[in-house]
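Comments concern the structure below.
From a predicted model like this one, the values you see are computed outputs, not experimental measurements. Every chain is numbered from 1, with letters handed out A, B, ... down the list of sequences.
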Amino acid sequence: MTYDFRAIEARWQRFWDEHQTFRAEVDPERPKYYVLDMFPYPSGDGLHVGHPEGYTATDIVARYKRMRGFNVLHPMGWDAFGLPAERYAMKHGVHPAVRTAECIRNFKRQLKTLGFSYDWAREVDTTDPNYYKWTQWIFLQIWGAWYDPEQGKARPIGELEIPAEVSAKGAAAVRRYRDERRLAYLHDAPVNWCPALRVVLANEEVAEQVELGHEVVRRPMRQWMMRITTYAERLITDLEGLEWPASVLDMQKHWIGRSEGAEVEFPIEGADGIKGAGAAINVFTTRPDTLFGATYMVLAPEHPLVARICSDQQRTVVQAYVDAAARRSERERQAEAAEGQKTGVFTGAYAKNPATGGRVPVWISDYVLMGYGTGAIMAVPGHDERDHAFAQAMDLPIVEVVSGAARPIAEAAHTEAGLAINSDFLDGLATPQAKQRMIDWLEERGLGRRRVTYKLRDWLFSRQRYWGEPFPLLHRPDGAVVAVPEDQLPVTLPPLDDFQPSESGEPPLSKAVGWRELPDGSLRETNTMPQWAGSCWYYLRFMDPSNAAAPFSKAAADYWLPVDLYIGGAEHAVLHLLYARFWHKVLFDLGHVGTREPFQRLVNQGMVLGATYYPRGRAGIQQNFPLDEVEPVAPGSDQWIHKLTREPVEVKWDKMSKSRGNVVNPDDVISQYGADTMRLYEMFMGPLEHSAPWQTEGVAGCHRFLQRVYRLAFETSDDEGVPDRLRELPAGEGSDRQRRLLHRTIHAVSERIDRLAFNTAISAMMVFVRDIVAEGEPLHRDTLAQFCLLLSPFAPHLAEELWSALGQRTSLAHELWPAADEALLVDPTFPLVVQIQGKRRAELAIPQGASEEDVKATALAHPDVQRHLDGKTPRRVIYVPGKLLNIVV
RNA sequence: GCCCGGGUGGUGGAAUGGUAGACACGGGGGACUUAAAAUCCCUUGCGAAAGCGUGCGGGUUCGAAUCCCGCCCUGGGCACCA
């Protein structure tokens, strides 16, 4: 027999289950460590090898921290609402709940075979009514709150002071006053409506559907929104102090997109039969200093003023442009515009530039977005590239108002700062001062004001789908929207077998007759929540997953928060993390959690890439060959050819996906090599943060290493049926040499786990195993025992097996992590590298603590050094203690 | 276009101003075996050598894969954001 990983892994997984080895409970006596994975969506395809990369990393940290004496919370659950289950239901007639349960079972089975030290008693499933009851409860906290700008925080809506003139108008007016200020509110928002599928598409889905030939139109729809923009400032400032990758911090900041500037009013000129006379166009600008150079204006096609100000001659062409814009998705419009195709039409209206007093034409164009700023801009073609391109295309005037342009202003916009020119009272001022001066001037005259704008938009929070959390809201006959009382939560999903929205876009739940109507004539809200809802707070539920009276207890939250380490893919760098932070802040304001931020340290693992074989020169999705149709020209070659045609094939490393056919299933790897090998290889591929290709040959190397470890303890026989025998290992840690090797390994592995440098931690253990065998001295018992502890976070099954073979009765999961004896980390001598002119010429052993003079003298006397010096006199000698000597001649 | 990462042997990678290529894969050679697999050992950046080598060109430094400037290539994110 040899290393029988199947039996070993099954045995220890059973042991951990039976002994509840990884059960975690609140224990104020011990320091806590909360290490969290981004929980998966349990798809029908099952795990691919990309999932366990992050999970293995967190598991190593969890096991390591546990052995360091921390009370570790390491949970897992399922982000199980979502579109795929609903689509599957439409196609195969299987209810999403049934399908989801199947997928979860499969995912859980796969995760269990990897031996992760999750506390499975804390498993959560976002589609479980006992879970989404509290998702609904949190929604009601948000809906039941408003943002008090004076205190800079959310407060219960009941604390909102109602002005006397509002209360005088009666209950309906008070209700409206409150509803307009809630953190969740109804709003007509433009969405991507796909008539063919009868669903609202996410921006990222639009391209795909258009490719499939489905028409997608922008269309306003009544939606629930969340007022995340009120938190914009705090979402930026609280990033300070988080241990997150700088790139993610940047992405969040850019997404929120704070910019300082001014809001300026341009009155509409009442001439030529323009109906909009008397109205004004509000614009936001970050460059109020260039106001004298504003030669035209542009409104977004959806801007409410467009219809009002449009002249009769222009009405037809304007209406056509607006209609065309509505037919195209936001992404499509922006993509075309980015390629330099500037389109737009003149409305026939003119506005008055408040600085120059001059008349400027008002246009509409795609390149102005309704969702940002005020949906209107003052165009300064001299100093903004987009405006410049538009002005050139439409033959609009360009005026230079900032000096210092490198090229004539007619040719290119000058966007840098400079000194104001052609700008009356601003002339000669530098850009920053000119901005301030202009804002002051506008404010004095009531023509504008200082303003901060964010790119961040309010969060569209409702979906016209079945497989999501129902909103716990009722529409009363009088039009009032009221909350379902807390004691009636959860509002469960009604059974339904038709998941299609109606022609008009009414959500599927509107078809749930008998569920939707209440005896008093109220109707339930029929939208459902987006998938984000469940994932916005799952890390909170993990702290106290079976609490029936509250989403989590105060005691649990005070003990476990914040999450100390959160690992997941970079694709969640913005949306998920931003939404979860937002909810957390609302809960913080309302006193439910005690930390401002949920996730203290964040690490993004890289992608695991799969080899994809394409016909030469035609790399692209749907073009690739399946793996069994290709082979290398010769064993070990990286030149691949098609088996039948013998044509050369191009190998690319792509993100694993079913459509590319490059997915590697962990089940296959585990059945061939075992979970410990799989875990080891996942970590050995390279740095956690980097994407890395999955190379099946590489797995064998990790397997060989574990076999060597196994044979350190066991004598194996090739003969069938001869059981492995535990070697007789002498007691203690052995010779000085063995002890040095052991302690050096302890030191290296510990320090590298601390840095999440798992690939090099593993190589340190490989070196240990190689050298310990080569020594010729038998391995000693205590040396092996301590090595088992080092190995256990990485390959826990084998480590447990050896640990018990050494006579231990309990799991090593709660053993104390070995401590390196500092004295053994230093050798009596160190190798000194001698360089001449920066080139390595010799290496000699120098006793530890030798004086600089002695070292120099010894080095200079060395024959190799003498030879390379070739009679020249050293001009300078640089000594780096303990390392290196560089001789300059 | 903008932002953020990368670029080191045949391959994944190591080295965070001090010996470039740890560890592993793959290759070559050998031992064991009737044979193969498995296992073990040797070898493996290029070059006959002097030397040359971390995408390219410069710079700083006694010393640069590492720091600075310019360029090229590549991955990811965002995109007419006023």
Side-chain angles (χ1 to χ4, degrees), chain A residues 2 245-251 253-255 257 259 261 283-287 290 298 331 333-342 365-369 371-380 383-387 389-390 453-457 570-571 573-574 606-607 609 632 634-639 653 655 681 684-687 689-702 704-705 707-708 711 716 718 757 759-767 770 773 831-843 875-880 882-889:
Chain A
T2 181
S247 57
V248 177
L249 295 176
D250 276 355
M251 283 166 82
K253 279 180 209 155
H254 291 159
W255 190 269
S259 51
V283 301
F284 172 75
T285 176
T286 55
R287 291 295 301 272
T290 62
V298 187
R331 199 160 271 202
R333 280 166 50 177
Q334 292 176 12
E336 279 173 22
E339 282 159 20
Q341 307 166 22
K342 295 276 187 276
S365 172
D366 267 358
Y367 83 91
V368 174
L369 305 177
Y372 182 73
T374 61
I377 61 157
M378 63 176 213
V380 185
H383 304 281
D384 181 283
E385 280 167 17
R386 290 150 298 150
D387 296 348
F390 190 81
T453 291
Y454 301 90
K455 205 172 107 184
L456 183 70
R457 305 177 202 174
E571 65 271 23
V574 178
M607 276 184 292
L609 307 174
S637 168
D638 57 353
Q639 301 286 313
W653 293 98
K655 184 178 174 174
Y681 177 67
F684 190 61
M685 283 190 298
E689 297 87 342
H690 290 190
S691 292
W694 180 272
Q695 292 172 305
T696 305
E697 318 85 63
V699 181
C702 289
R704 280 200 277 273
F705 164 68
Q707 278 180 333
R708 275 180 216 128
R711 286 198 303 267
T716 60
D718 284 344
N759 55 333
T760 55
I762 293 167
S763 79
M765 292 189 285
M766 288 173 166
V767 168
R770 181 194 66 191
V773 172
L832 177 83
V833 170
V834 183
Q835 295 182 332
I836 296 169
Q837 304 289 76
K839 288 203 190 306
R840 180 179 188 274
R841 293 304 183 191
E843 182 179 312
R875 196 159 52 87
R876 214 179 136 187
V877 179
I878 290 119
Y879 178 52
V880 183
K883 266 184 182 163
L884 170 142
L885 195 77
N886 191 12
I887 302 166
V888 188
V889 294

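In this structure, A:D387 reaches neither bases nor backbone, as no heavy-atom distance under 4.0 Å exists between it and the strands shown. In this structure, A:P245 reaches neither bases nor backbone, as no heavy-atom distance under 4.0 Å exists between it and the strands shown. Among the heavy atoms of the strands, none lies under 4.0 Å from A:R875. When heavy atoms are screened at a 4.0 angstrom cut-off, A:V880 is found touching base atoms of the nucleic acid. Within 4.0 Å of A:E843, counting heavy atoms only, lies at least one base atom of the nucleic acid.
Candidate nucleotides B:U19, B:A22, B:C81 were compared by shortest atom distance to the side chain of A:R457, and B:C81 ranks first. Nearest nucleotide to the A:Q707 side chain, out of B:C81, B:G18, B:U39: B:U39. Between B:A14, B:G51, B:C25, one nucleotide has an atom nearer to the side chain of A:N759 than all others, and that is B:A14. Here B:G18 is the nucleotide among B:A24, B:G18, B:A20 with the atom lying nearest to any side-chain atom of A:N886. For A:I377, the listed nucleotide lying nearest its side chain is B:A82; candidates were B:A82, B:A15, B:C80. In the set B:G12, B:C62, B:C81, the nucleotide with an atom closest to the side chain of A:V888 is B:C62. Among B:G12, B:G13, B:U19, the nucleotide with an atom closest to any side-chain atom of A:P687 is B:G13. Across B:C4, B:G18, B:C62, the shortest atom-to-atom separation from the side chain of A:K883 is found for B:G18. Taking the side chain of A:S763 as heavy atoms from C-beta on, and the options B:A22, B:C80, B:G26, the nearest nucleotide is B:A22. Taking every side-chain heavy atom of A:V368 into account, B:A82 is the closest of B:A82, B:C4, B:A15.
Comparing A:R386 and A:G686, the nucleotide of RNA chain B nearest to each residue sits closer to the 5' end for A:G686. Residue-to-nucleotide proximity on RNA chain B shows that, of A:A764 and A:Q837, the 5′-proximal contact is made by A:A764.
Rounded to a whole angstrom, the distance from the C1' atom of B:U66 to that of B:U54 is 10 Å. Taking atom P on both B:A22 and B:C46, the two are 13 Å apart, rounded to the nearest angstrom. To the nearest whole angstrom, the two C1' atoms, one in B:G28 and one in B:U74, are 33 Å apart. A distance of about 13 Å separates the P atoms of B:G29 and B:A36, rounded to the whole Å. If you take atom C1' in B:C56 and the same atom in B:A65, they sit 14 Å apart, rounded to whole Å. Separating the C1' atom of B:G77 from that of B:G26 is a span of 35 Å, rounded to the nearest Å. Taking the P atom of each, B:G17 and B:C67 are spaced 8 Å apart, rounded to whole Å. For the C1' atoms, the distance linking B:G57 with B:C72 amounts to 10 Å, nearest Å.
The CD atom of A:E843 lies 8.5 Å from the CG atom of A:L832; values are rounded to the nearest 0.5 Å.
Counting all heavy atoms, side chain and backbone alike, A:D387 lies closest to A:A379 at OD2-CA, 3.3 Å. Contact record, A:F705 with A:M765: CE1-O, 3.7 Å, taken as the closest heavy-atom pair. What you find for A:S259 and A:F284 is that their closest heavy atoms are O-CZ, 3.6 Å.
Contacts of A:F390 classified as ring-ring contact (aromatic ring centres under 6.0 Å, His included), with partners at least two apart in sequence or in another chain: A:Y296, A:W363, A:Y367. Partners of A:E689 according to the side chain to side chain donor-acceptor pair (under 3.5 Å) rule, which considers only residues two or more places apart in sequence or in another chain, do not exist here.
Across all strands shown, B:U54 forms no Watson-Crick or G-U wobble pair with both key distances under 3.5 Å. Nucleotide B:G18 forms a pair with B:C62, judged by Watson-Crick or G-U wobble geometry with both contacts under 3.5 Å. Searching all strands for a Watson-Crick or G-U wobble partner of B:U39 with both distances below 3.5 Å returns B:A31. Nucleotide B:G75: paired with B:C4 (Watson-Crick or G-U wobble, both distances less than 3.5 Å).
Side-chain contact between A:V834 and A:R841: absent, with no pair of heavy atoms (C-beta onward) separated by less than 4.5 Å. With a 4.5 Å cut-off on side-chain heavy atoms, A:T290 and A:M378 count as touching. The shortest distance between side-chain heavy atoms of A:I377 and A:D384 does not fall below 4.5 Å. When side chains are defined from C-beta on, A:V888 counts as touching A:Q837, because their heavy atoms get closer than 4.5 Å.
What separates CH2 of A:W255 from C1' of B:G76 is a distance of 15 Å, to the nearest Å. Here the P atom of nucleotide B:G12 and the OH atom of A:Y681 are 11 Å apart, to the nearest Å. Atom CD of A:E697 is separated from atom P of B:G27 by 9 Å (rounded to the nearest Å). In this structure, A:M251 atom CE and B:G75 atom C1' are separated by 13 Å, rounded to whole Å. Look at CZ on A:R708: it is 13 Å from P on B:A38, rounded to the nearest Å. One interatomic measurement links the two molecules: CZ of A:R841 to C1' of B:G18, which rounds to 16 Å at whole-angstrom precision.
Proximity of A:R876 to the phosphate of B:G63: no side-chain N or O atom is located under 4.0 Å from OP1 or OP2. For the pair A:R840 and B:G18, the criterion of a side-chain N or O lying under 4.0 Å from OP1 or OP2 is not met.
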Below 3.5 Å is the cut-off: list the nitrogen or oxygen pairs between protein and nucleotides 65-68 of chain B, distance only.
none

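B:G9 takes the syn form, because its glycosidic angle lies no more than 90° either side of 0.
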